[in-house]
Every structure is written in structure tokens, then in C-alpha cells.
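Every value quoted in this text rests on a predicted model; they were computed, and no experiment measured them. Numbering of residues begins at 1 and proceeds along the displayed sequence.
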Amino acid sequence: MSIPNVKRYRITSPDGTASAVLMAVLPKDVDVNAYLSDASKRFDWKAYAEAQQKQFKIRVGQQKQKKAK
């Protein structure tokens, strides 16, 4: 079941190196550009970058596991 009237907005970091998707329900008479600029300033870009690194971690080689007797 989804929430009605949800729209996706792509925000970029202030330095322009990363982008994220923000899902929000906004009132009719709100300035969307002002909201998105404020949201990109308040977004925790450092934690987002760390989460992305952990998600796409590359394993190098395989570790052998000893069988317990």
C-alpha cells in the first residue's frame, strides 16, 4: 500500500558530487525549489556516502573456513 500524492525529487549535495532521491508530499502553495534547497542543506551527506560505500563493498579473495570437529 502506498501513500497517495508522494512525489520523488532528486537533490544534489552542496558541492555537487553526490545526489539522492527525496520522497515528499508537499502542500499546494509551497515553493518547491526553496524546499529542495533547504532539504539538500539539511541532508546528512556524510552518512549517506558511508552507507553507499558499505552497500557496494567489494570482497577481495575468499577466506577459507576450518571445519569444527
Side-chain angles (χ1 to χ4, degrees):
M1 186 168 188
S2 64
I3 301 171
N5 301 328
V6 172
K7 292 190 179 182
R8 293 177 184 229
Y9 301 100
R10 182 169 297 277
I11 58 173
T12 55
S13 62
D15 56 357
T17 57
S19 65
V21 175
L22 177 73
M23 297 176 70
V25 177
L26 300 178
K28 290 181 181 178
D29 54 350
V30 71
D31 185 13
V32 177
N33 292 329
Y35 174 78
L36 294 177
S37 66
D38 184 46
S40 68
K41 290 177 190 172
R42 292 186 290 122
F43 192 76
D44 191 1
W45 291 104
K46 184 178 177 184
Y48 180 73
E50 290 174 3
Q52 291 296 321
Q53 289 295 331
K54 288 181 183 178
Q55 185 176 6
F56 298 111
K57 189 174 183 181
I58 300 171
R59 269 184 68 188
V60 178
Q62 291 182 346
Q63 294 89 22
K64 290 187 178 180
Q65 296 178 354
K66 291 187 178 182
K67 202 174 204 181
K69 291 185 179 180

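- For the atom pair CH2 (Trp45) and CD (Gln52), the distance works out to 10.0 Å, reported to the nearest 0.5 Å.
- Looking at residues two or more places apart in sequence or on another chain, you find a side chain to side chain contact (heavy atoms under 4.5 Å, CB included) between Lys7 and Tyr9.
- Scored by the salt bridge (charged side-chain N to carboxylate O under 4.0 Å, His left out) test, Arg8 finds no partners at all (sequence neighbours excluded).
- Identified under the salt bridge (charged side-chain N to carboxylate O under 4.0 Å, His left out) test for residues 32-41, with sequence neighbours left out: Asp38-Arg42.
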Could you give the side-chain donor-acceptor pairs of residues 29-37 under 3.5 Å, partners two or more places apart or in another chain?
residue, atom, partner, partner atom, Å
Ser37, OG, Asn33, O, 3.3
Ser37, OG, Ala34, O, 2.9

With a cut-off of 3.5 Å and sequence neighbours excluded, list every side-chain donor-acceptor pair involving residues 13-25.
residue, atom, partner, partner atom, Å
Ser13, OG, Asp15, OD1, 2.6
Ser13, OG, Gly16, N, 3.3
Ser13, OG, Thr17, N, 3.2
Ser13, OG, Ala18, N, 3.2
Asp15, OD1, Thr17, N, 3.4
Asp15, OD1, Thr17, OG1, 3.2
Asp15, OD2, Thr17, OG1, 3.4
Ser19, OG, Arg10, NH1, 3.4

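- Annotation: side-chain hydrogen bond (donor to acceptor under 3.5 Å, both in side chains) contacts of Thr12 (sequence neighbours excluded): none.
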